[in-house]
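Labels below follow one simple rule: chain letters A, B, ... track the order of the sequence lines, proteins then strands, and each chain is numbered from 1. Atom set for the values below is all heavy atoms of this structure, side chains included, hydrogens, waters and symmetry mates excluded. From a predicted model like this one, the values you see are computed outputs, not experimental measurements.
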Amino acid sequence: MSAEREGTERHAHPTVGVYLRVGAALVILTVLEVGVFYVPAFHVVLVPVLLVLSSAKFTLVVMFYMHLKDDNKVFTFLLGGPLVIAVGVMVALLFLFLGALTLRGAAGAG
Amino acid sequence: MTAHTSMGLDNRKMAFWAFIGSECLLFGSLISTYLVYKGKSIVGPYPPEILNIPFTSVSTFDLLMSSLMMVLALAAVQRGDMKWGKIWLFSTALLGLVFLGGQVIEFTDFVHKGLTIGTNLFGCTFFVLTGTHGAHVTVGVLWLLTLWVRALQGKLGPANAMTVEITGLYWHFVDVVWIVIFTVVYLIQ
Amino acid sequence: MSEARGLTSWLTTTDHKRIGLLYFWTALAFFLIGGIEALFIRVQLAQPNGQVVSAETYNQLFTMHGTTMIFLALMPLGASFFNYMVPLQIGARDVAFPRLNAFSYWVFLFGGLLLNASWFVGPLFHAGMLNVAPDGGWFGYANLTERQYSPGPNIDFWVLGLQILGISSLAAGFNFIVTILNMRAPGMKMMRLPAFTWMTLVTQFLIITAFPVITVGLAFLMFDRFFGTHFYVREAGATPILWQHLFWLFGHPEVYILILPAMGVVSDVLPTFSRKPLFGYPVVVYSGILIGLMSWGVWSHHMFAVGLGPIADSVFAATTMLIAVPTGVKIFNWIATLWGGDIRGTTALHFAVGFIAMFIIGGLSGVTHASPPADLQQTDTYYVVAHIHYVFFGGTIFGLFAGVYYWWPKMTGRLLDETLGKVHFWLQFIGMNLAFFPMHLIGLLGMPRRVYTYAPELGVGTLNLVSTIGAFLIALSILIFLVNLWRSRTHGQPAPNDPWGGATLEWSVSSPPPVYNFSVIPTVTNRLPRWSTERHGPMRDPPAVPPEPIHVPGGSWWPMVAALGLPVLALAPLTQTLWVAFVGAALLIAGVYAWAFQPFEV
Amino acid sequence: MPRYRLWLLTVALWVAGCGGPFPQTTLEPRSDFGSVIDQLFTGIFWWAAGVFLVVETLLVITLIRFRHREGRPAPKPTHGHTLMEIAWTLAPAAILVFVAVPTVRTIFATAGEAPADALKVDVIGHQWWWEFRYRELGLVTANELHVPLGRAVQLSITSADVIHAFWAPPLGGKRDAIPGHVNRIAFRADRVGVYDGQCAEFCGASHANMRLRVVVDSDSGFGRWATVQLAGPAAPAAGTLAERGKAVFARSACIGCHTIQGVSPGVIGPNLTHVGSRATIASGLFPNDSAHLASWIADAPALKPGSLMTRMKPPLKDDDIAALVAYLASLK
Ligand code: HEA
Ligand code: HEA
Ligand code: CUA
Ligand SMILES: [Cu+2]
């Protein structure tokens, strides 16, 4: 059965050093997030900034702690496909409910 | 395991990634509902009156650190260092327990301030969303403790690194979900 | 290595073939139940002011009919083929997780039993029999399904039953994704997979993405009904429209979950009986993937009467219409497969061609729904009921029957009678057109769906009578099918390895296959391993006797024990008894732990 | 009437053994809204019929031409043909353009906006009857909607309990009546007459019995109707049965649920101020005659499963019911 198997299961996992550095980055990003939240000057851009920061954290954990960066592409697909659908659904629902897609208020009441 | 598969990948690991993909839609639906109903509560208490950002920031930090412990546990098990493997596994579970403790305190506090699951839409969506996440953490803690006990019994070694890796995938995913919840629920009010 | 027999061996089995058979018989039983419910519906509607059943009973009948047919008959019938055929088609000894597979089956069975128990347990809830079955329609629109408007246990059975069935589908979904991606025989590249296996894979992706959404929707409803939340309660500022979005976000992918496996069967059956490779195989595969992807962007076409506003309506109309393109591509490739072939009119081919012919009608009525203003006259009328049944009955059922007649010899080692099979086909074909075609007119003439009675003045009495007669013709055809199954057991000719001259791997082993499937795992060098084409000759079948002993894993009780925990857990809210919940949780946890630590190798 | 309609109707009539006329047909529109939808549907129908014919014919020809015959040489193993694949991808896409463009145009044309001078009516669905409020006229009625011929009408549709759908097929498409939302449709009726309709969204036990009627009056007819409705109820003459009925009404549970102007303020059931002027009772289920009124008052749920007008406790005496019937019938 192993004739065609050129699997690449044993990727070198990142070293402990990398893990620690990622951990530090996560902490800094969290501090930044909370910081942004408390500084009134940032409130105009609060939402985009927070979204960027938390996506960065998300990506770091997934790439390094869950090893997606060096692992088989199938795993990226198994996470990425549904994630794209989930985000798409979320955006669509927000549009539908906030009435952005409606010309009149009919659905906006929801 | 890996010797038998066509892509050279571990079956359980692949199943787990598929499971995580599926969980994206579970939490995606919960978070969508939270957002869609945001600001629609008719009676208080409303989020700004009740959410305790400093407290939850600490919980968030705690969960992030547990993720770090988890990768360290994996690294230790992989290099056969079961002493540290046990230590890191246990600390991951412990930090998970601390997080759960935090959630218990938070929920009790909310109830005292008049927010229950039936009070208003904020209560409904908040408790069901964070409660579902909490349930995931609980399963994770049980799982980690099981591994830790197995390690104490000497039944967990480098040969089981894949089991630890999969546990890690689950744990990190639960962490990642919290990253989103923390931003969406707590910081963007 | 010899096969264990007896009841225990079936209860503990982890063999994908046996689980496939369990799925088959269970799904067939539920199909008959759903069909009998349909016959009651048709008898009631045979004439205006029907008096056969009461309004309340009628509402339970159509709710249970839809729910049963979709979740307990058609999905598991598909699952029976996934189970039996996919490992054989990809050259594997079993699925990736045999015990998880058993778990899926038991959860499905228990969930189905829980749902159907609702017919009989009225007395336990201080109501008569036939009083507490679900009665909110198969899409259970909130807020009608909230406690305030549906105080009885009816909807509780529905919510809990569907939650349990969802777990079964999800578990199977992960299992088959891994099986198909990771258990292929050497040389079985993705673009060499049989079309049925490909469509199974797409279906599983739809399952693992769509079911979590309904899980969340149902959980909200459950919390509303049991724990005093207000997810769909207008008075609290919420809106019942949220339920509709969550349901159809799941519901639309669900209808493709039901049609894609049938399309896969047809894509396997047509080449075999026209002795020609599937025309445009890659295009058929890609269009299947595309249909799956697009099915995520059309859900609001079930909500055109809700008033989402002109922009949303236009967007969803456009995405919905676009699905006709990849579907049409499949139809044309099937016809091109037949074109130039040497078509042998077996029963399986009859059903496959019947699928094409009837599904087109259902698809085209779908396109007329896809135009929102036109749909305002069609939605919630019998015109939609006609669409449903042309795609489900003309589509899925015909496709799956093609599969039954095609694979039955492989699954049982006996051939079905071809004459009886053709009688079955023609009766069913005529019956379904008599039953469902008039519904287009009935709808356009103004009869809404889900009405237990209608006035004679509506003028649709005769059309309804015709439809009822058609339904009984279908029933007759199903009886003939059952006779055929029975006769095949007693008088059926033994089936050779390959009664049809198929191209794919399942035909290379005996009928039924040995426990270990392949004595030697085949090495695949092309997409049609058992045929010779201008590019290659046929492969050699694996030897009848394995050259070296093959280890076959034993069975396990734990999947069933763990599965049993779920219906017990569901009984807790139904009966409002806390300790039952602990028993259920204990069963589940004990089952899972015992299962996790039980040594088991594939 | 387009030709296919004749054909379709002939077939239907023939099959139905002359079951017509069809009071709820969508195929004979009686308003601008209905006509626009009908034209759109007709266009799509023809495209679909064309596709059906072409593809099924192709299928049948293929089956006949290439059926198995002894001695036929083994088929050539063709694997595909790129040009053909492109052709049968583009052809349906092209057809769909002809479906999509008129669709979008019609969506915007029928979005429910009516001119400012439109007659505005609030439609409220209840389990299982309809309430109609003419805001400008200050008038409330139930189950029978009167509208003037030729004048734009705008319905604002909502629900008091679960989701219903307002549907009067000859006048156009349906819209859901959703608690907490207001949906609108606008139409201009183009023929005097009485049009049947019914609730189209499953709403519980008596969903099938939640019918309605739309009466399209001439302009003067509508004015007369409105004037009568605006007036208070006629006081029954002294000493008549009806007068006794009014007394029974006033001391029975009826007042808790029904409004009769000047008599009772209930809002759970339909406004009965002019119930005698309606042709039907119980949302279009029964003719408004004394026999049906009497049995309705005696035991409504027996006539209409699940009806929220529960049986009166203690039961009314027969002569009380007769009096009530006389009184209600007098409320023209
Ligand atoms: C197997 C299940 C199945 C399938 C495959 C489909 C396929 C399609 N469905 Fe259907 N649908 C249902 C099951 C299914 N549906 C069910 C169960 C409901 C009702 C649920 C309920 O309310 O209870 C429903 C309801 C439903 C509605 C809502 C109706 C309403 O309630 O008002 C709509 C609206 O757009 C719709 C559209 C379509 C379309 C456009 C397709 C397309 O995918 C069809 C594509 C196929 C073709 C078009 C034919 C072949 C193509 C060609 C030959 C090419 C040339 C064609 C053209 C140029 C047009 N469906
Ligand atoms: C999924 C597939 C599926 C299938 C296969 C069917 C099959 C049939 N359906 Fe169903 N139907 C739905 C899915 C399906 N349906 C759905 C989703 C709805 C919407 C529900 C809702 O509104 O919520 C619906 C609704 C629906 C309605 C509308 C009800 C209403 O709105 O009020 C009607 C009415 O005629 C109907 C009829 C039929 C008939 C006559 C069959 C026949 O084809 C059935 C044929 C089968 C048999 C007749 C069984 C054979 C039995 C025997 C031979 C007896 C043997 C006896 C013993 C062994 C004891 N169906
Ligand atoms: Cu109201 Cu159906
Ligand atoms: Cu759909």
Side-chain angles (χ1 to χ4, degrees), chain B residues 1-43 116-129 131-132 135 139 142-143 146-147 149-150 153 155 163, chain C residues 90-93 95-97 100 170-171 173-190 204-205 207-217 219-220 223-224 227-233 235-239 241-242 245-246 249-250 521 589 593 596-597 601-602:
Chain B
M1 268 289 182
T2 47
H4 297 290
T5 62
S6 45
M7 302 187 81
L9 301 170
D10 183 81
N11 275 344
R12 288 176 304 157
K13 186 170 167 187
M14 193 185 277
F16 238 83
W17 274 109
F19 171 71
I20 288 173
S22 182
E23 292 270 282
C24 286
L25 277 122
L26 186 92
F27 282 105
S29 311
L30 288 166
I31 293 170
S32 301
T33 304
Y34 182 85
L35 290 176
V36 158
Y37 279 162
K38 207 169 155 119
K40 294 277 171 19
S41 294
I42 290 174
V43 295
T116 67
I117 194 167
T119 308
N120 57 16
L121 280 182
F122 171 58
C124 298
T125 51
F126 173 83
F127 281 112
V128 173
L129 171 57
T132 309
V139 171
L142 286 179
W143 191 349
T146 309
L147 285 192
V149 170
R150 303 277 293 172
Q153 294 168 335
K155 289 182 185 152
T163 307
Chain C
I90 64 175
R93 292 241 154 90
V95 294
F97 305 100
L100 187 64
L170 282 167
F174 305 131
N175 203 348
F176 279 94
I177 286 177
V178 177
T179 303
I180 296 174
L181 290 178
N182 217 20
M183 303 288 284
R184 286 165 288 139
M188 181 61 90
K189 299 192 174 132
M190 290 307 280
Q204 305 308 331
F205 271 108
I207 287 178
I208 68 159
T209 45
F211 270 81
V213 185
I214 184 85
T215 303
V216 168
F220 291 163
F223 273 79
D224 277 11
F227 307 122
T229 54
H230 320 284
F231 281 100
Y232 308 120
V233 179
E235 287 74 11
T239 168
I241 301 301
L242 176 68
H245 281 296
L246 292 176
L249 267 165
F250 149 82
I521 296 292
I589 295 171
Y593 264 86
F597 292 119
E601 283 155 56
V602 184

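- Using a 4.5 Å cut-off on side-chain heavy atoms (C-beta onward), B/Phe19 and C/Leu170 make no contact.
- Residues satisfying the side chain to side chain contact (heavy atoms under 4.5 Å, CB included) test with B/Thr119, not counting sequence neighbours, are B/Pro45, B/Leu115, B/Thr116.
- With sequence neighbours left out, the side-chain hydrogen bond (donor to acceptor under 3.5 Å, both in side chains) criterion links B/Ser41 to no other residue.
- Side-chain atoms of C/Thr229 do not come within 3.5 Å of backbone N or O of B/Ile117 as any donor-acceptor pair.
- Put simply, the side chain of B/Arg12 reaches to within 4.5 Å of the side chain of C/Phe97, judged on heavy atoms.
- C/Met183 has its side chain within reach of B/Asn11: a pair of non-hydrogen atoms, C-beta onward, lies under 4.5 Å apart.
- Contact of C/Phe220 with chain B is made through the side chain alone, with heavy-atom distances under 4.5 Å.
- Annotation: maximal heavy-atom pairing with chain C below 4.5 Å, among B/Leu30, B/Thr132, B/Leu121, B/Asn120, occurs at B/Leu121.
- With rounding to the nearest 0.5 Å, the separation of CD1 in C/Ile589 from CG in B/Leu142 is 7.5 Å.
- How far OG of B/Ser29 is from NE2 of C/His245: 13.0 Å, rounded to the nearest 0.5 Å.
- Using a 4.5 Å cut-off between heavy atoms, C/Phe205 does not touch chain B at all.
- Taken to the nearest 0.5 Å, the CG atom of C/Leu242 stands 5.0 Å off from the OG1 atom of B/Thr33.
- Remark: side-chain polar atoms of B/Tyr37 are not paired, donor with acceptor, to backbone N or O of C/Gly237 under 3.5 angstrom.
- Here the CE-CG distance, from B/Met7 to C/Asn182, works out to 7.0 Å after rounding to the nearest 0.5 Å.
- In this structure, B/Thr125 OG1 and C/His230 NE2 are separated by 11.0 Å, a value rounded to the nearest 0.5 Å.
- Only the side chain of C/Thr215 comes within contact range of chain B, with at least one heavy atom under 4.5 Å from a heavy atom of that chain.
- Interface remark: of the candidates B/Ser22, B/Ala18, B/Cys24, B/Ser22 forms the most heavy-atom pairs closer than 4.5 Å to chain C.
- Considering SG of B/Cys124 and CZ of C/Phe227, their distance stands at 13.0 Å, rounded to 0.5 Å.
- With a threshold of 4.5 angstrom between heavy atoms, C/Gln204 does not approach chain B through any atom at all.
- Listed here is the closest heavy atom pair of B/Ile42 and C/Glu235: CD1-O, 3.3 Å.
- Heavy atoms of C/Phe231 lying under 4.5 Å from chain B belong to its backbone as well as its side chain.
- Between B/Thr146 and C/Phe597 the shortest side-chain heavy-atom distance falls below 4.5 Å.
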